[in-house]
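Written below as structure tokens is the structure these notes are about.
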Amino acid sequence: MPTITLPDGSQRSFEQPVSIADVAADIGPGLAKATLAGKVNDTLVDASTVLDNDATLAIVTSRDDEGLHLIRHSTAHLMAQAVKQLYPGVQVTIGPVIEDGFYYDFAFERTFTPDDLTAIEKRMAELAKEAFPIVRSEIARNDAVKFFTDLSEEYKAEIIRDIPEDEVLSLYEQGDFTDLCRGPHVPHTGHLGHFKLMKVAGAYWRGDSDNAMLQRIYGTAWASKKDLKAYLHRLEEAEKRDHRKIGKQLDLFHLQEEAPGMVFWHADGWTIYQQIEQYMRQRQKEEGYKEIRTPQIVDMSLWEKSGHADKFGDDMFAVKSEDRSYAIKPMNCPCHVQVFNQGLRSYRELPLRLAEFGSCHRNELSGALHGIMRVRGFVQDDGHIFCGEDQIQEECSTFIDFLHSVYEDFGFTEVIYRLSTRPANRVGSDESWDKSEKALADALDAKGLDWKELPGEGAFYGPKVEFSLKDCIGRVWQCGTIQVDFSMPGRLDATYVDAKGERQTPVMLHRAILGSFERFIGILLEDHEGKMPLWLAPNQVRIMNITDKQQDFCKKLEKTLTDQGLRAQCDLRNEKIGLKIREATLGRVPYMLVIGDKEIESGQFSVRTRDASEKGPMDLDTLLSGLKAEITSRGRNPLEG
RNA sequence: GCCCAUAUAGCUCAGGGGUAGAGCACUUCCUUGGUAAGGAAGAGGUCAUCGGUUCAAUUCCGAUUAUGGGCUCCA
């Protein structure tokens, strides 16, 4: 006779085995209605699951994260049911839950149109209204294969064949639709309703580009209408922060057809870029890096020697001249080794840290390009640390601190950490891999960082840590990285003389903090919605006159500010002050000085911010020192008043 | 590279088989106005490129290129 322990510690005993739904009903009719599933001894199961032994049970409703997950998963099934009804020739494949929603991949001889999506959505709503019970059953492997083969569901049959022998196969049936699924699901389709189909996209079967292209329908689903609305609103707001939109609005950069994936930086965009470069240059110097510069175009033989021609060949832009073949460099590492190789190196020079703002070109697949986040021509804040094996751990640790300090100056606190470990195709001994993977993992652990392992995702020459940031709609972009490389120094004959006078091959650490200027600026723009912090803002102060009478004063004020190193400019147009303020605000200029007779007479300035707040009034000296403090503190000491 | 969509004025977009439309921006004039849009006039487009269908194509069809959303790949 089962005794059920609930999360609050209370217990309920039953004469006979009971389902989770029964327990919920026993507690109250409201809960019974809201029950989506149960967590039995920490395992999520269907509400229909019968408990015949003592257990701890948490009832899952749409208020729980697990409940929302179930809603999304069941909505994916609901969509598959609707699609099968509307388009009987479709084959279903898989339909998992993703962030904010779900997708389902279908095989169909024609493509789904936006009209199809509308029809599917409508049918889904109808099916939800019917409140079909979603019923679980178990099936033997052979029966399952036959079941789906009879339905001409070849993809499903293939999935079943790949499921391990010892695993129980379960089916979920709702109305006329049955799907192979591990579950659990909500009790009936009536629990579903707050969803929207978002888009159709192509997706390879099993994520392999050699396989057939399926059609993936993405949807979003929520526990309530309010949540759905809030999500759609959030998306809309996020789109306003899109770096491509802001880049155009603020006249920062453009791209054009003749140079796909390569950025034309405009004056204001280039100012931001320059500020970042100068900042990084200074920081790297402080961290003991030597800045170097290496060629854009290098003979193919070097790329063959380094292994890039083999592994990276298709991505390189090739150049021919006088019967020689060159490649425009896709990365800087081999060039840095050439610098290392000049002269005889001593162990006393290690770790040798070389840095370069290295312009790289990669012939990325046309479909991979994305604004300035993913381009073909970009500049890395690249650096290579040549060191001994015993120095790896400390160099990694120091680097992570350095990276954090830089990210903090830019206002980034949410960093995603991932460790990519040995791929199937690799060079170097297992011993080296063990050592370097451990060095990276230890460096992360020592700082108490929450990191995820990506097994098999490492570079062919070594494991790497990726430091990623999110864009405005939550897409994750790798920015910083540190990679241990036991291979390239040897391939390119790098050696140093150790304390015993013997030649040794150094280890090479590849590292970047920003990743690429292009991507990092893209993320920065989205993160700040174009409102760059004062130290990065291309236009820091806008001085505007009320009437022509104040022109000369404004010009003098502009010179005073620019002489102090501030990026200030006048707006002396014959326009009303309201318009000038509007344009400066839309232009995300941090501070505005409105100059009329009053200000000239009193020498006191009220400062208007781009967020429409007022600072001051203050005199010129206070203003100047306040602005400088904000700039040198990188926003930590904002202008007061 | 693959799947889908899109490409009209500097920008944001509407339109539609029969010599192209709006708002903003731009130019000129009037206005000298105190914290998010003052008024008037003017100028501006081989409707992405190349083919096809048609008496006629910017509009329909196809290809190409680029862009957007995915997939694959990647900083």
Side-chain angles (χ1 to χ4, degrees), chain A residues 103 105 110-114 116-117 198-218 239 242 244-245 248-249 251 254-261 312 314-315 330-332 358 360 362-376 378-382 457 459 464 466-469 473 475 477-481 483 510-520 522-523 544-551 573-587 592-599 606-610 612-614:
Chain A
Y103 67 75
D105 286 349
R110 73 165 176 84
T111 52
F112 291 118
T113 64
D116 291 328
L117 284 201
M198 305 299 283
K199 58 201 174 198
V200 200
Y204 297 110
W205 166 237
R206 302 213 143 159
D208 187 334
S209 55
D210 292 334
N211 285 344
M213 179 66 76
L214 304 173
Q215 291 187 69
R216 174 170 298 177
I217 302 180
Y218 283 91
E239 268 168 37
D242 190 304
R244 293 163 294 202
K245 205 165 217 171
K248 203 171 261 179
Q249 278 167 2
D251 192 20
H254 84 273
L255 294 108
Q256 69 183 48
E257 208 166 330
E258 289 80 357
F312 227 73
D314 292 344
D315 284 344
M331 40 185 63
N332 309 295
C360 299
R362 298 181 189 172
N363 198 0
E364 301 284 0
L365 295 176
S366 55
L369 304 179
H370 180 97
I372 63 171
M373 303 277 218
R374 183 84 183 269
V375 285
R376 290 201 172 123
F378 56 100
V379 179
Q380 295 177 315
D381 62 319
D382 207 358
E457 295 291 309
K464 59 176 175 177
E466 297 171 15
F467 304 88
S468 302
L469 299 169
I473 63 168
R475 282 178 293 222
W477 296 93
Q478 182 191 322
C479 291
T481 184
Q483 314 183 357
H510 308 247
R511 40 107 293 160
I513 292 177
L514 311 178
S516 83
F517 282 81
E518 287 76 7
R519 177 174 296 179
F520 196 78
I523 301 256
M544 30 212 169
N545 58 342
I546 305 254
T547 73
D548 288 350
K549 269 194 289 179
Q550 300 94 27
Q551 274 201 16
R573 290 174 302 163
N574 174 13
E575 295 289 353
K576 291 197 173 167
I577 197 66
L579 183 90
K580 295 184 187 181
I581 286 174
R582 177 182 156 80
E583 292 190 353
T585 305
L586 291 174
M592 294 162 233
L593 293 175
V594 175
I595 305 300
D597 290 339
K598 218 165 61 189
E599 285 74 16
S606 287
V607 185
R608 187 186 161 110
T609 73
R610 56 192 163 190
S613 69
E614 288 277 331

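Closest-nucleotide positions on RNA chain B for A:T113 and A:K598 were compared, and the one nearer the 5' end corresponds to A:T113. Nearer to the 5' terminus of RNA chain B, by closest-nucleotide assignment, is the contact made by A:R610 (compared with the other of A:R610 and A:G371).
At a threshold of 4.0 angstrom between heavy atoms, the contacts of A:Q215 with the nucleic acid are absent. At the heavy-atom level, A:M331 lies nowhere under 4.0 Å from the strands shown. Looking at heavy-atom distances under 4.0 Å, A:A368 makes contact with a base. As judged by a 4.0 angstrom heavy-atom cut-off over every strand, A:I581 is placed among the base-contacting residues. Here A:Q478 lies in heavy-atom contact (under 4.0 Å) with sugar-phosphate atoms only. No contact: A:R110 has no heavy atom under 4.0 Å from any strand. Backbone-only contact: A:R244 has heavy atoms under 4.0 Å from sugar-phosphate atoms and none from a base. No engagement by A:K245 is indicated, since no non-hydrogen atom pair under 4.0 Å with the nucleic acid exists. At the heavy-atom level, A:I577 lies under 4.0 Å from the strands shown only through sugar-phosphate atoms. A:G596 comes within contact range of at least one nucleobase, with a heavy-atom separation under 4.0 Å. Contacts of A:F520 with the nucleic acid, taken as non-hydrogen atoms under 4.0 Å apart, are absent. Among the protein residues, A:L514 comes within range of no part of the nucleic acid, since none of its heavy atoms lies under 4.0 Å from any strand. Within the nucleic acid shown, A:K248 comes within 4.0 Å of sugar-phosphate atoms alone, with no base atom in reach, counting heavy atoms only.
Pair assignment for B:rA75: none, as no Watson-Crick or G-U wobble contacts are both less than 3.5 Å. As the counterpart of B:rU46, no nucleotide is assigned, since no Watson-Crick or G-U wobble pattern has both distances under 3.5 Å. Pairing for B:rC2 is with B:rG70, a Watson-Crick or G-U wobble pair whose two hydrogen-bonding atom distances lie under 3.5 Å. In this entry B:rU65 has B:rA7 as its Watson-Crick or G-U wobble partner, both defining distances falling under 3.5 Å. Checking B:rC60 for Watson-Crick or G-U wobble geometry (two distances, each under 3.5 Å) identifies B:rG52 as its partner. Here B:rA20 sits opposite no nucleotide as a Watson-Crick or G-U wobble pair (both hydrogen-bonding atom distances under 3.5 Å). In this structure, B:rG34 makes no Watson-Crick or G-U wobble pair, since no nucleotide meets both defining distances under 3.5 angstrom. Shown here, B:rA25 forms no base pair; nothing in the strands shown gives a Watson-Crick or G-U wobble contact with both key distances under 3.5 Å.
On the C1' atoms, B:rC47 is 16 Å away from B:rA22, given to the nearest whole Å. On the C1' atoms, B:rU59 is 14 Å away from B:rA14, given to the nearest whole Å. To the nearest whole angstrom, the two P atoms, one in B:rA25 and one in B:rA41, are 15 Å apart. For the C1' atoms, the distance linking B:rC60 with B:rU53 amounts to 8 Å, nearest Å. Nucleotides B:rU72 and B:rG1 have their C1' atoms positioned 8 Å apart, rounded to a whole Å. Taking atom C1' in both B:rG45 and B:rU12, the straight-line distance is 16 Å, to the nearest Å. Straight-line distance between the C1' atoms of B:rA57 and B:rC61: roughly 11 Å, to the nearest whole Å. B:rG23 and B:rU8 have their C1' atoms separated by 15 Å, with the value rounded to a whole Å.
Environment of CG in A:D208: crowded, with over 12 heavy atoms of neighbouring residues, nucleotides or ligands closer than 6.0 Å.
Side-chain atoms of A:Q380 lie closest to B:rA75 of the nucleotides B:rG34, B:rG38, B:rA75. The side chain of A:R582 sits closest to B:rA36 out of B:rA75, B:rU67, B:rA36. Comparing B:rA66, B:rC71, B:rC3 against the side chain of A:T111 picks out B:rC3 as the nearest. Between B:rA75, B:rC71, B:rG34, one nucleotide has an atom nearer to the side chain of A:A203 than all others, and that is B:rC71. Side chain of A:I546, nearest nucleotide from B:rG33, B:rA36, B:rA75: B:rG33. In the set B:rU72, B:rG33, B:rC71, the nucleotide with an atom closest to the side chain of A:T547 is B:rG33. Counting only heavy atoms from C-beta on, A:K199 has its side chain closest to B:rG69 among B:rG69, B:rG38, B:rU72.
Contact check, A:K464 against B:rA75: a side-chain N or O comes under 4.0 Å of OP1 or OP2. Regarding contacts with the backbone of B:rG70, every side-chain N or O of A:H370 stays at 4.0 angstrom or more from both OP1 and OP2. Not one side-chain nitrogen or oxygen of A:R374 sits closer than 4.0 Å to the OP1 or OP2 atom of B:rC73. Of the side-chain N and O atoms in A:R475, one or more sit less than 4.0 angstrom from OP1 or OP2 of B:rG69.
In the interface, the side chain of A:E599 is paired with the base of B:rG34 through a donor and an acceptor atom under 3.5 Å apart. You won't find any donor-acceptor pair under 3.5 Å spanning the side chain of A:R216 and the base of B:rC4, going by distance alone. Taking 3.5 Å as the limit, the base of B:rG70 and the side chain of A:Y204 contain no donor-acceptor pair of atoms between them.
Across every non-hydrogen atom of A:V379 and A:E518, the tightest pair is N-OE1, 3.0 Å.
A salt bridge links A:D242 with A:R244; the closest basic N to acidic carboxylate O contact falls under 4.0 Å.
Between A:Y218 and B:rG70, no base-stacking contact is recorded for ring centres under 5.5 Å apart and planes less than 30° from parallel.
The stretch residues 205-214 of chain A touches RNA chain B through A:G207, A:S209, A:M213, each having a heavy atom under 4.0 angstrom from the strand.
Of the listed residues (A:Q478, A:R511, A:H510), just one forms a side-chain contact (heavy atoms from CB on, under 4.5 Å) with A:K464, and that residue is A:Q478.
Remark: P of B:rC24 and CG of A:D251 are 21 Å apart, rounded to the nearest angstrom. With rounding to whole Å, A:R376 atom CZ is found 12 Å from B:rU67 atom C1'.
Between the side chain of A:N545 and the backbone N or O of A:V594, no donor-acceptor pair lies under 3.5 Å. In this structure, the side chain of A:K580 does not engage the main chain of A:I546 through any donor-acceptor pair within 3.5 Å.
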